[in-house]
Each structure stands twice: as structure tokens, then as C-alpha cells.
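Computed over heavy atoms, backbone and side chain alike; hydrogens, waters and symmetry mates excluded.
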Amino acid sequence: MPAAAGPAPAAEGPQHRERARLLKQKTMGGAREDRWLDEASKSPAAQRIDKLMAKATTEQEREQLKRETFKVVYDNLGQELEGKDLERVVVIRNEAAGYKTMAFFAIFTLGFYLVFRGRDDDIMLVLTKQGNVIQLKIDRPLCCPGTSAEALQSFIKYIAILFFIVVLPNVVFMLATNMTLQDEYEYLKAETDNFKHMERLISQKLPFIVISAILLVLWLYSLLPHDYMDEHRRRHMARECTTAQICQWGHMLARRHSLHLYFGKYPSQHVLDMQGSLGFGHAVSTVPPSSLSALSTGISTSALILSMTLFLTLVTSVDTGISWMDRAIALEHFATMQGYCIEGSGPTDARCNKVHCDEYIIHGHDTVNPHFCNLVEVSESEDECIKYGKSPPCCGGCAKGAFEGVYDEGTFGNIKTIISLVADTGTIIFVFLAAKHAVHMTRATDHVAVTINRRTKRSYKTLTANTALTVPLANDFLQTVMNQNSKDHGMKHSFEASEEDQDRWTGVKHFAMTEEFDTWKDFFNKDLHAVPDTRWTLRLQVPKKLFGIEQDEDVIAAWIEMPLLPPSISLMDILMGKVWYLLLPFGKTRHAVVVTDRRLFYVRHRRPFLPIKCLGTDLRVDVFRHDHDVTYGKMARHKLNTPQRIIHQILLREMFLPGTAVMQTKFGAIQFTRNHGDIIDVYNMIMSLSRHIPEFVTEKDLVENGVVPSACKEIVDRAFIAASNKQGNRFTIRPQSDDAVQPQPTLYLASGSKERVLFHLSVKDTTDIYSKCYVNLDIAVTSARVFFWKRDCYKKFDCCALPCWLFIWLGFMNRMNKPMNLPNEMSFITLPSIQSFSTDVSVVSPSWLVPHHMPLKWPCVEMLCAYLTRCVVRGSHEVKIHSKWVLCPRRSGPSANLLLMWRLKASAHADAEMFVVHQVQPFVSSDMPETDAQDIFDGMSYIAEDGEAASDLVSEQAESLETLRKIMCAVQDSCHALLNKVDDLGGSIA
């Protein structure tokens, strides 16, 4: 027989099933965690940690660092990411204190340190293979502020809270009871007397004291740190990273590091300077793209806030000075008025009245308010007479009269009220604008911020808190993100310098590459970034490893921006206390700029105030992407001020051409400031970074639009001089006879491409009667770009304009100001960025302020002035005046002004469209009478000594402008064809 079956197992209860489910999930979760950590240990992030930490750590320490790092990543992102997808990982723990420090301070403070101590902060940065940048930041608030700015903010906040708790109830009570001046005086007197009887005062104020004590205790309790944290999680696409910043500051025992990644577009310079501004001015700074437009008007928000700050500072200082001065005067007047009742009048006679009081004021006390005498009277009050040390009856009312007399200020009070109203209203408006501007700056671009704090200790609870390990990993993270996204698009730069230029200390090729430094500390220990005594032999050392420059990335320019003597300093720098950097022998800031074919590095380094290495150095590195994609460039000369010109150009015999240069990319605009060097080299470098289609406009396109290539070639051959270089792509514009400015431009065409010069046009702008200069403008069109050269020239002596030349232009002083330092501007735009081209001709009537184009002309007078002018300037040209001996005046025809306007495509990050506008004033049209054209050309010095006829010049200028219009038509046709290709591509993808 079969054996009897055993008893059936009891049914599992619900608690047993729930416990089994939880155990299974825990087992599966543990298995997934082990698998995830195993994949992460084989990821590129782990390999990078092994490579960077090979020299600084042992194998056991590296394994522990990777285990701690990947464990944090799994706890926060394990459900979203796979371990094998980790490209770069950085986990940072900013420890407030170690175990030994905590134990020591806990014993020393009897346990209070454990209550008020700061908490540890955690920061995690992850870069995945898919190009995602993930930041997790956990901030645990501190009890006490850590920086001076936070301390000031906390102090103001606490003062406001104390005012709310203690002072505000009294103010509200007095306003609610509607107390008069007399009541307020009596109340203040009673309060003062009550201090002699503290018990009675406490019994009267007991409810108020209890309420204030409760609020104070609750407020102090709210300051205690709790077990909560602020968690911030950010995700960005790495390909959108455009700017990076590295900062280091503080002494060696408590050094701080910060890293910032900005996405989308270049941040404003104010946002970059929030992390620390070193020294005076900027060698490289970001500017709004809208400020580059020729039609940009109005003051910028930053300049407006700065102006309002200075204005409010002045008004507030005046208001404060008047208030304190008025207090001193009020005390003096109060004592004088009190003295009247003590010494100036008798107690019982008829002198204690308004009439006698007025006489007392007139005879030697005319500064006292006469309103005081209205309250003077004979008093029988014992309390009133005791104040003056007398017995009743006495002359009283002086205390109350003096109190009201001080506050009855008359006209002076109205002035103070107006000043206070301006200060208060301006403060409200300024705070509103500043807050709006601050909100705009914070929202202008997304960014990832990391701060690493170093404490004075050698042992850490976790290796992720050791700055010797986390700082190199964080720097490598930043370099990897920038390297993965910055591309040169296959473009090769055409910028090259001669051997003489490479050895010039004022050039941009005076540098050498080095790969021997792994940390900035090693680099600065050799003082490679500081200015030596022999500045003419200075050569910038470019550390490739510290910058993260790739092997296929070329460094095309690098220079050190040395300070001028005396340095330029603004009023705001003095108010902010930066003047100390000028007085101390150390603490000077060194600026260096390094430009590659993909990125721009701007380094600022400041040594400590004292030559003690433990004080550390301040470092700031700003990195900008340009991707060899410059669509607009501009250069403007500026001259040095008189003290700097005397020191550098006269005493030190230094010759350089300072100025500013701007380049615009799809990420924004960057401005270079070259105060101690040649700005033309920077502009030439910017030209070589232009991304363009070398043959955007072909000869076939020009012929289809009616352009004659052979005629254009003749114009180009006369206007340009081919420079001798290896690549044969440099051309210099032939200057006009009246040009004296420096530098003169050189066109850098794309090397090894089909870019060629197509056309050249030269025009003049006489500007207005109040300007001592007229403008020469050269326009050069190539198959890829349009170049502009705009410079000023002194207006020549002319007998017809003798009053202007003497009293408005001050032409006799031109010899003192070298014409080479006149404003000189160069710029270029790429043809694909042109959206439209237009010309605007405006006809204006003759004016009595234009010497050669007045409403009425006397030919005999003009002939006499022409001969006198030729004698003064010692010219040999022929005088051409129509109807020489005719005394009858004749009427002048109208004049014309021409505007050439290029409208460029708005960038995705630009606030407004960009316009490039140039003026031709006056414009000699083809339908203008030859006599008027002759007068206009004479006034602009167009007629040369060869005696070329005015009619020929008019026809040549008209033909040149018509050719320019036809070329721009071909450019716009090519732009439209390019847009059609983009639209067709988008439609096919859709």
C-alpha cells in the first residue's frame, strides 16, 4: 500500500508573503548594485581615474576612491544610468571638520560645537557617453556665515529682525496714539526718569518684555541647523557648453577652488566677475551682441546701474552730511535758547516776553529760529523753574520753544526734504533695476557650479573629501567637456607672422609651448606667469596639460598683457578698495591670453601681498569656444593718456599701437583690449578665424548680375599691394595721399582656398562742421567676406573755412597731435551672414555752415580764397573756379548724403538684429551740375595735382556704387539659395 501522504503545508499568511517579496527585492537590488558597480569599474571614467591618480595614490587608494565615487553615483542615478555609460565622474565632499577636530571643539565648548557646527556638502558631476552633463548638489546650511559677503548679509538681516522685535512696536504705538510733540517730549522725560526705578519700570513693561523675549528665543532657535538639506539637480547637453571657468583663491591652509560650466551662450561679464575679479580692467571680456550694431542707441543696463550707483552715492553723502551738520547746529541753537531763560531775562520783570526775546535774538543770536519766542512766558511751575536752577516765578517755556524751534527749519528744511526725497526715490528705482538686472543675469544662461574647499588636515573621512584628488578630477572633467564639443569644422587658420613679429614682445606670437607641468602650483612655483624685469625678452609659457589642449589643436597666438604705468584706475575701483593693489609691491595681477583654432583661454594670476608662499596665489582661467566660426570682426585704435604716453613713448621709447578688437560667433561676442601691445596683430588673428565658404560668390554669379570681372580686376590691381609671404594670401590696401593713421590693414585670405579679392571702393565722409576730421572709407569685397577700413584725417587749411579752422577745429594744433593716433577702425563681415544690403540717398538743401556749398556763392571771392589757400599750403595744383571774375552771386544746387547699410542675420543668442552702416557725405550724384560737383570735390580735397576733372570723378564714383550694388545682389542670391537648401533638407527629414 502506498505510504500515507503527509499533512498538507499550512497556507502562507499575508505577512509571510510581504516579507518574502521585500527579501526578494532586496536580493535583486543588491545583485543589480553589484553588477552596476562592476560595469562602472570598467568604464572610461574608472580608466581616467587610474590614469590621473597613478602617481599620487596607491592601487588600494585608487580602488577605494572609485568605490566611494561610484557608490554615490549609484545611490542617486543608479536607476537612470548604466555603469558602462560613465565617461567622466567627479564626487566631491566638502567636510566641515574631521573627527579629531570635532572631538576637540566638542570638549572645549562643552558640547555646543556639535550643535552649531557646519554640515558636510556633497557635489556630484557625471558626463555620460550620450553627451549628458548631470550635476547633483546637496547643500546643508551652516549656522554661521563663511565669507565676508555672507557675514554682511547676515548682519543686515539680524539687525532688521531686531528692529522688528524691539523698535517697531514702539513706533507703531506712537503712530497709533497720535502723540503730539509736547506729548512725545513728556513721554521721553517720563521714560528717562523711570530708569531710576527699575522695578516699577519692569512691572509696567512686563507684557512687552515677555513678548519680546519669546520672539527672541524663537528667532535664536530658528538659527540652529537642522537635519535638512537643499538638493539641486541639473541636466545639460554637453554639446551646448560654450564657456568654462576655473578659480582658485585663499591661503594654502584653507584653499578654495571653483569650477563653472556655462551652456547656450557666453555669459555676461558681470556673471563671470561674480566669482572674483582680479586686477583692473579686462584683457578679454564678453559684450552683448547688440552693442556691436551701428544702430544701437541708448545706455546699457550695466552702465545705467553704475551711473545710478554713483549718483545715489553722491546724493546720500550730501544728505548724510547735511543731517549730521544740522544736528550739530541744532544742539548749539538749543543751548542758546535754553540760555535765554537762565541768563538772558529776569524772572519777574517785563523782559520775559516775545518782544524782549526778539531783541535778544536780533542783538547777537540771529541764527536762532524766531519761532522760539512765541512760547516764552512767565511760569509759576516749580518743576519748570527747577530746570533753570531758579524758584518760581521764573521765565519758562524755553525747553518747549527750543524743541519746536529746532524742528521748524523753514527753507533749510525744505532743501533737506527735497534731497531726502531724491535719495529715497532713487534708491527705490535703483533697487528695482538692480534686482531686475540680477534676475536677468541669473536667467541669461544655464550653468553648473562646483566649489571645493580645502581644510587644514591630512586625514579625511572619505577620499572624495581630499582636494589633492578631487581638484585634478574636476579640472579633467571641465577639460573633457570643452574638448568634446569645440570643433574647428575642418577650417585651417591663415594667420602667420614673420620672424621679426615672433620676436617682438608687443606681438602675439611671442610664446613657447611646455608640457612639463601637471598642476598650477608647479607652474607658479617657477613664476612663469609673472612679469620679469627684462620685459623685452619676455616669452609666455603655454602649459598644454593644464589647459587641456589636444594634440590636433593648434595654438595660433598667445601674449601677456602687461600693465601700463601709471595703471588706469576708475572711481569705482577706488570705491571698491582696489587701490591697495597699486600701492603694495606684491599682489599685482598678470594677464595672459592664449588663442587656439578652437578655443580662447584668458588667464589671470595674482601673487600674494607678501612674499610668503603659504599665502597662496589667486588664479582665474576663463575658457571660451569659438569653433573657428567668427562671422564679424572689428578693430578700433585708441591712444594713451598723457602720463602713460610720457612714460612709455617718451621715456621708455616703446612703440606700440593699443586698441580694442571684437569678434562675434554664434555663441556671442568677445572683446579684446590691448593696452600694451599692437592691436592690429589681434585683429589679423581674428580675421584668420573666420569660418567662410571660400567661393561663396563665383564669377558666374557676378556675370549674371551684370558685373564686368575685367573692370573689377583693374580696380583691384590699382588698390592693393600683394604682400610677400609663404602662402601668398596677404594683401595690403594702398593708402590714399591724405592717410596718416597707423596701423594700415592687411587682408588675410583663406589659405589654400579659392578666396580672391573681387572689388574695391573708396569714398569720403566730410562729417559735420563741428568735427575737425573727415573720414576716409575703403570697402573691399572678396568671394567670402566684406572688409571695411574707416579712418580719420585732419581737415586741411582752407581760406573759405578759416573761422572754423581757427576757432572750432583748432587746426593750428594738429602738429602737436600726431595724425597716426587718430581714430582708426577696421572690420569685416562674412557673406553668408548678410541678409540684405540697401542704400539710402537723402537730398538736403545748401547750408551757410558748409563753406563750399552755401546757398549763394560769389565766384570772385571763391577764386581769391582758392589762390590764398594754394599759397598757404604751398601747393602747385591748378585753381579751378567757374566764372572767375563774375561779381554777381549764383545759387547752389542741393546736396545729397548716402548711407550704405548691411543687415546681418541675427544670431540665436542676439537680442536684436545687427546693422553695419557707413555714410558718404556729401554724395555727388550723376545728375548734379558740374559746378556744384567741382565745389564739393574741392572742399573734400578730391582733386589731385594731376588736375583730374570733376565730371570724371562723378562718373567713376557712380559706376563704383552701381557695381557694389550688383555684387551685393549676387551675394543675396547665394544666401537665398543656401536658405532654400536648408529648407529642402528640413522638409526631406520631416
Side-chain angles (χ1 to χ4, degrees), residues 269 281-297 299-300 303 506-508 557 559 561 564 568 593 595 600 630-641 644-645 649 655-665 668-690 732-733 735 739-748 763-765 767 771-780 785-794 817-829 900 902 904 914-919:
Q269 192 61 37
H282 306 85
V284 176
S285 60
T286 59
V287 295
S290 58
S291 64
L292 305 181
S293 178
L295 300 183
S296 61
T297 57
I299 189 171
S300 63
T506 57
V508 297
W559 67 92
E561 186 62 32
L564 293 173
S568 301
V593 182
V595 182
L600 163 67
V630 178
T631 59
Y632 173 78
K634 181 180 178 180
M635 184 216 78
R637 271 284 316 276
H638 67 250
K639 60 181 180 180
L640 302 176
N641 56 40
Q644 293 173 349
R645 187 166 61 252
Q649 296 183 356
M655 297 302 298
F656 51 88
L657 304 173
T660 59
V662 178
M663 71 176 186
Q664 182 177 2
T665 68
I670 297 178
Q671 175 176 286
F672 298 85
T673 302
R674 198 82 202 273
N675 292 324
H676 207 166
D678 295 333
I679 191 61
I680 186 64
D681 295 332
V682 181
Y683 176 72
N684 293 337
M685 180 267 300
I686 293 175
M687 276 196 298
S688 68
L689 296 177
S690 173
T732 303
I733 298 179
D739 286 335
V741 297
Q742 292 291 338
Q744 296 179 356
T746 299
L747 272 61
Y748 280 79
V763 293
K764 287 182 182 291
D765 177 17
T767 63
S771 176
K772 64 179 180 180
C773 297
Y774 60 88
V775 176
N776 285 342
L777 174 65
D778 281 83
I779 303 175
R785 290 173 285 184
V786 181
F787 295 87
F788 304 94
W789 181 25
K790 181 180 179 182
R791 65 276 189 197
D792 285 4
C793 301
Y794 284 129
N817 301 321
K818 295 182 179 179
M820 65 169 292
N821 293 324
L822 288 174
N824 186 11
E825 181 180 302
M826 307 174 194
S827 59
F828 71 89
I829 56 177
L900 305 176
W902 285 263
L904 307 184
M914 182 176 176
F915 293 87
V916 176
V917 180
H918 293 285
Q919 180 175 256

*Asks:* Can you list the residues that meet the side-chain hydrogen bond (donor to acceptor under 3.5 Å, both in side chains) rule with D739, with sequence neighbours excluded?
*Replies:*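 D739: side-chain hydrogen bond (donor to acceptor under 3.5 Å, both in side chains) contacts with N776, R791.
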*Asks:* Restricting to non-hydrogen atoms, name the atom on H676 and the atom on E561 that form the minimum distance, rounded to 0.1 Å.
*Replies:* N-OE2, 3.0 Å
*Asks:* Which distance, rounded to the nearest 0.5 Å, do you find between the CG of L657 and the CE of M820?
*Replies:* 5.5 Å
*Asks:* Enter the distance from S291:OG to Q671:CD here, rounded to the nearest 0.5 Å.
*Replies:* 7.5 Å
*Asks:* If you define the side chain from C-beta out and look only at heavy atoms, does anything of M685 sit under 4.5 Å from Y748?
*Replies:*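 The answer is no, as the side chains (C-beta and beyond) never meet within the 4.5 Å cut-off.
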*Asks:* Compare all side-chain heavy atoms of Q742 with those of N824 and state whether any distance is below 4.5 angstrom.
*Replies:* no
*Asks:* Could you check F672 against M663 for side-chain contact (heavy atoms from CB on, under 4.5 Å), going step by step and ending with a plain yes or no?
*Replies:* CA-CA 8 Å; F672 298 85; M663 71 176 186; 4.1 Å; yes
*Asks:* Any side-chain heavy atom of P743 within less than 4.5 Å of one from M826?
*Replies:* yes
*Asks:* Search all heavy atoms of C773 against all heavy atoms of Y794 and return the closest pair with its distance.
*Replies:*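 Between these two residues, the closest heavy atoms are SG-CD2, 3.8 Å.
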*Asks:* Take I680 and M635 through the test side-chain contact (heavy atoms from CB on, under 4.5 Å) and record every step on the way to the result.
*Replies:* CA-CA 8 Å; I680 186 64; M635 184 216 78; 4.1 Å; yes
*Asks:* Locate the shortest heavy-atom distance separating T732 from P745; write the atom from each residue and the value.
*Replies:* CG2-O, 3.5 Å
*Asks:* Is it true that a side-chain atom of S293 and a backbone atom of F915 form a donor plus acceptor pair closer than 3.5 Å?
*Replies:*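 Yes: the side chain of S293 pairs with the backbone of F915.
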*Asks:* Mind listing the closest non-hydrogen atom pair of Q664 and P289 along with its distance?
*Replies:*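 Heavy atoms only, the tightest pair is NE2-CB, 3.9 Å.
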*Asks:* Where the side chain of T660 meets the backbone of T673, is there a donor-acceptor pair that is under 3.5 Å apart?
*Replies:* no
*Asks:* Applying side-chain contact (heavy atoms from CB on, under 4.5 Å) to T767 and V775, what does each step give before you reach the verdict?
*Replies:* CA-CA 7 Å; T767 63; V775 176; 3.9 Å; yes
*Asks:* Going through the distances and angles, do I733 and F787 end up as a side-chain contact (heavy atoms from CB on, under 4.5 Å)?
*Replies:* CA-CA 11 Å; I733 298 179; F787 295 87; 5.9 Å; no
*Asks:* Atom CG of L777 and atom CG of D765: how far apart are they, to the nearest 0.5 Å?
*Replies:* 8.5 Å
*Asks:* Do F828 and Y683 touch side chain to side chain, with heavy atoms closer than 4.5 Å?
*Replies:*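 Yes; the side chains approach each other to less than 4.5 Å.
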*Asks:* Contact between V741 and R637 at the side-chain level, heavy atoms closer than 4.5 Å - yes or no?
*Replies:*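 Side-chain contact under 4.5 Å: no.
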*Asks:* Any side-chain heavy atom of F788 within less than 4.5 Å of one from K634?
*Replies:* no
*Asks:* Are V682 and I679 close enough that some pair of their side-chain heavy atoms sits under 4.5 Å apart?
*Replies:*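 Yes, their side chains come closer than 4.5 Å.
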*Asks:* For the residue pair G507 and D681, what are the closest heavy atoms and their distance?
*Replies:*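 Scanning both residues completely, I find the closest heavy atoms to be CA-OD2, 3.6 Å.
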*Asks:* Quick one, N817 and K772 - any side-chain contact, counting heavy atoms below 4.5 Å?
*Replies:* yes
*Asks:* About how many Å separate OG1 of T665 and CG of L689, when rounded to the nearest 0.5 Å?
*Replies:*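 Separation between the atoms: 10.5 Å.
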*Asks:* How many angstroms lie between atom OG1 of T631 and atom CZ of R785, to the nearest 0.5 angstrom?
*Replies:* 12.0 Å
*Asks:* Quick one: pull up CD in Q919 and NZ in K790 and give me the separation to the nearest 0.5 Å.
*Replies:* 8.0 Å
*Asks:* Which pair of non-hydrogen atoms, one from L640 and one from R645, has the smallest distance, and what is that distance?
*Replies:*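 Closest pair (atom of L640, atom of R645, distance): O-NH1, 2.8 Å.
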